[in-house]
Structures are given as C-alpha cells and as structure tokens.
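The chains referred to below are lettered A, B, ... by the order of the sequence lines, with proteins before strands, and numbering in each begins at 1. All figures in this text were calculated on a predicted structure; none of them were measured in a lab.
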Protein chains: 2
Amino acid sequence: MQAPDYQAETAQCVFIGRMLGRVTDKWTVLIVRVLGRGPCRFNALRREVGEISQKVLASTLRDLEENGLVSRTVTPVNPPQVEYALTDLGRDFLRPIRGLAEWVLENAARIEAARAEYAARVST
Amino acid sequence: MQAPDYQAETAQCVFIGRMLGRVTDKWTVLIVRVLGRGPCRFNALRREVGEISQKVLASTLRDLEENGLVSRTVTPVNPPQVEYALTDLGRDFLRPIRGLAEWVLENAARIEAARAEYAARVST
DNA sequence: GATAGGTGGTTTCAGAAAGTTACCACGCGG
DNA sequence: CCGCGTGGTAACTTTCTGAAACCACCTATC
C-alpha cells in the first residue's frame with residue numbers, strides 16, 4: 001500500500017458510503033442480529049427489537065428486502081402471516097454485524113467513561 | 001445459550017441501539033477508516049471522505065470526540081491548525097469498522113444484483 | 001352481541017436531523 | 001486587490017424519524 005492514490009481513496013469512500021447508506025443504520029444492525037437467530041414475524045420482531053415504531057420497522061424491512069439481505073414470505077391464512085428471514089447474503093452480513101455489536105457491548109463502559117470525561121472538560 | 005430470555009434480549013437490543021446511535025453512522029465509519037491511516041486535518045479529511053458537508057463533518061467529529069474515539073489538537077499558528085487523530089479506543093474500533101467496510105466492498109456486486117432483481121420483480 | 005386484543009401494515013403530521021449555502025477573520029500568492 | 005485556503009458557525013431548506021390513529025379481519029371474553 002505504498003504511495004496511496006488519494007483520488008482513488010476518495011472515490012472508494014464515496015462508494016462505501018453509498019453502500020453503507022443502503023445496508024447500515026442503527027435498526028439494520030439490530031434487525032439482522034435478531035434474524036440471525038432464526039426467521040421471525042413482524043410483530044415478534046417489533047417486540048424483540050424494542051423501541052422501534054411500526055413505520056420504521058416496515059420501511060427498514062423493505063429496504064433490507066430490496067438489498068437482498070432479508071426475504072419476506074407471506075402465508076395466506078387468516079390472519080395473514082408474514083415471515084422475515086435472512087437470505088444467504090444476509091447470513092454473510094451477520095459476521096461484520098456481530099463484530100460491531102460485540103465491540104459495542106464490550107466497550108460500552110469505555111465510551112461512557114469518555115463521555116463523562118468530555119462533559120466534565122467542557123462544563124469547567 | 002439455551003432457553004433465551006427474550007426480555008433480556010430486548011433490553012440488550014435497546015442498549016446496543018443506543019450505543020450504535022452514538023458511534024455508528026455512514027460518516028463515522030468513513031471518518032474512522034480514514035483516520036486509521038494516520039492523523040488528519042479538517043479540510044484534508046473533508047477532501048478525502050468526499051461528499052460530506054462541512055457542517056456534518058464538524059458535528060460528526062464533535063460526536064466522535066465526545067465519545068472518546070477521536071482526539072482534537074489545535075496548534076495556535078496562523079492560520080490555526082486542527083489535527084484529528086484516533087484515540088486508543090478509536091484504534092480498537094477500527095477492527096469492526098474495517099470488517100464492515102471490507103464486507104461492503106466485497107459484496108457490493110451481490111447487493112447491486114439483488115436490487116436489480118427486486119426492481120424487476122416489483123415493476124412486473 | 002359488543003368489546004378488547006392480535007395480525008401486518010399505511011396514513012398523517014409534528015419535530016428532529018441532514019444538507020446547502022453563505023459568511024467570518026486571517027494570511028499569503030499573484 | 002482578488003481570490004484561495006485555514007476551520008469552522010449561522011440561517012435556511014429539505015428530508016427523515018417517531019408517535020399515534022386507523023384499516024380489515026379474526027378470536028376470545030364478558
């Protein structure tokens with residue numbers, strides 16, 4: 001990696017940014033993580049993820065479906081059942097997602113400490 | 001991990017979500033990744049990241065500083081120099097961040113294919 | 001037989017976040 | 001003197017998120 005080409009780097013950043021905009025946000029990470037334990041229906045997902053509104057869950061799931069990470073299967077019984085599951089691509093994605101989630105869990109205390117220290121530094 | 005406690009799982013999701021909200025978004029990933037190559041000044045960072053506005057870069061950097069991932073050093077020359085660098089915590093964070101960025105680069109084609117397939121399925 | 005609750009969403013609308021643009025003080029090169 | 005580069009902030013606009021209500025349909029309860 002000698003003599004890095006900064007124009008190429010910038011282009012790569014823009015590209016990664018565009019892709020990240022598609023497949024990562026706070027909710028994506030949580031949803032993929034939960035679906036990693038097995039298929040799940042809409043309201044069950046909602047309950048498990050916690051503080052997510054129906055609208056945002058619905059649109060996030062549609063995005064995930066559009067980008068090929070999640071499949072949506074409707075069983076036409078009454079009331080209709082809609083089951084969400086990870087695709088192969090989604091299961092692949094699980095690895096970086098879990099890396100992120102685990103890091104956050106392991107380092108939460110350090111982040112909190114940094115925040116407290118920052119607040120003290122600013123207020124003084 | 002037998003007999004998962006779903007209430008605890010939901011609480012964990014909420015907690016992870018809160019932490020993720022602090023340390024990850026599209027821009028955070030890109031900025032940390034660039035700073036992983038070494039310290040960088042404001043406008044250099046801006047040029048390298050690409051399509052980011054000054055305002056968003058400034059506020060993202062302040063968030064990163066607040067959460068202890070990035071340090072900000074002002075050298076009072078004229079014009080003043082402001083150098084941003086990763087802290088120890090930020091360098092630790094580099095690993096999951098790189099995992100994410102690499103996954104996105106490796107799987108961009110699969111995502112694009114899924115999008116094309118989805119678009120075809122919907123429009124028909 | 002009305003009423004409450006669960007199914008998987010959409011609609012509506014306020015408020016928050018992100019993005020765009022302009023501007024600041026300062027110096028330096030042409 | 002004009003514009004560029006330094007590191008931002010302020011005002012304004014657009015986009016997005018979040019809370020709540022509503023929908024049709026079914027089941028269980030009182």
Review point. From C/dT7, D/dG18, C/dG19, pick the nucleotide closest to the side chain of B/Trp27?
Key: C/dG19

Check your understanding: B/Arg62 CZ to D/dG8 C1': how many Å, rounded?
Key -> 9 Å

Check your understanding: So, for A/Val23 and A/Phe93, which heavy atoms are closest and what is the spacing to 0.1 Å?
Key -> O-CE2, 3.7 Å

Check your understanding: Which nucleotide sits closest to the side chain of B/Arg41: D/dG7, D/dA19, C/dT10?
Key -> D/dG7

Revision key, fill the gap. In this structure, CG of A/Leu30 is separated from CD of B/Gln12 (nearest 0.5 Å) by 10.0 Å

Exercise for review: Give one of base, sugar-phosphate or nothing for B/Arg46, where a contact means two heavy atoms less than 4.0 Å apart.
Suggested key: nothing

Review point. Rounded to whole angstroms, how far apart are CG on B/Asp25 and C1' on C/dA17?
Key: 11 Å

Exercise for review: Send over the distance from B/Arg47 CZ to D/dG5 P, rounded to a whole Å.
Suggested key: 8 Å

**Study point:** Nucleotide D/dG8, atom C1' - distance to CD of B/Glu83 in whole Å
**Key:** 17 Å

Practice item. Count the heavy atoms of every other residue, nucleotide or ligand shown that sit under 6.0 Å from CZ of B/Arg95, and state whether that count exceeds 12. Key: no

Point to revise | First of B/Val82 and A/Val56 reached from the 5' end of DNA chain D, by closest nucleotide | key: B/Val82

**Study point:** Of A/Lys55 and A/Pro79, the one whose closest DNA chain D nucleotide lies more 5'
**Key:** A/Lys55

Practice item. Please say whether more than 12 non-hydrogen atoms of neighbouring residues, nucleotides or ligands are located less than 6.0 Å from CD in A/Glu117. Key: yes

**Study point:** Spacing of B/Leu57 atom CG relative to D/dG8 atom P, expressed in whole Å
**Key:** 9 Å

Practice item. Work out which heavy atom in A/Arg72 is nearest to a heavy atom in A/Tyr84; give both atom names and the distance. Key: NE-OH, 3.2 Å

Review point. Expressed in angstrom and rounded to an integer, what is the separation of B/Ile52 atom CD1 from C/dA17 atom P?
Key: 17 Å

Check your understanding: Looking at the side chain of B/Arg72, which of D/dG7, D/dT9, C/dG8 is the nearest nucleotide?
Key -> D/dG7

Study note, to complete from the structure: Per atom distances to the B/Gln54 side chain, the nearest of D/dT9, D/dG18, C/dG8 is D/dT9

Review point. Between atom CD in A/Gln81 and atom C1' in C/dG6, what is the gap in whole Å?
Key: 12 Å

Check your understanding: Does C/dG8 have OP1 or OP2 sitting under 4.0 Å from an N or O in the side chain of A/Asn43?
Key -> yes

Exercise for review: Rounded off to whole Å, could you give me the CG-to-P distance for the A/Leu61 and C/dT10 pair?
Suggested key: 11 Å

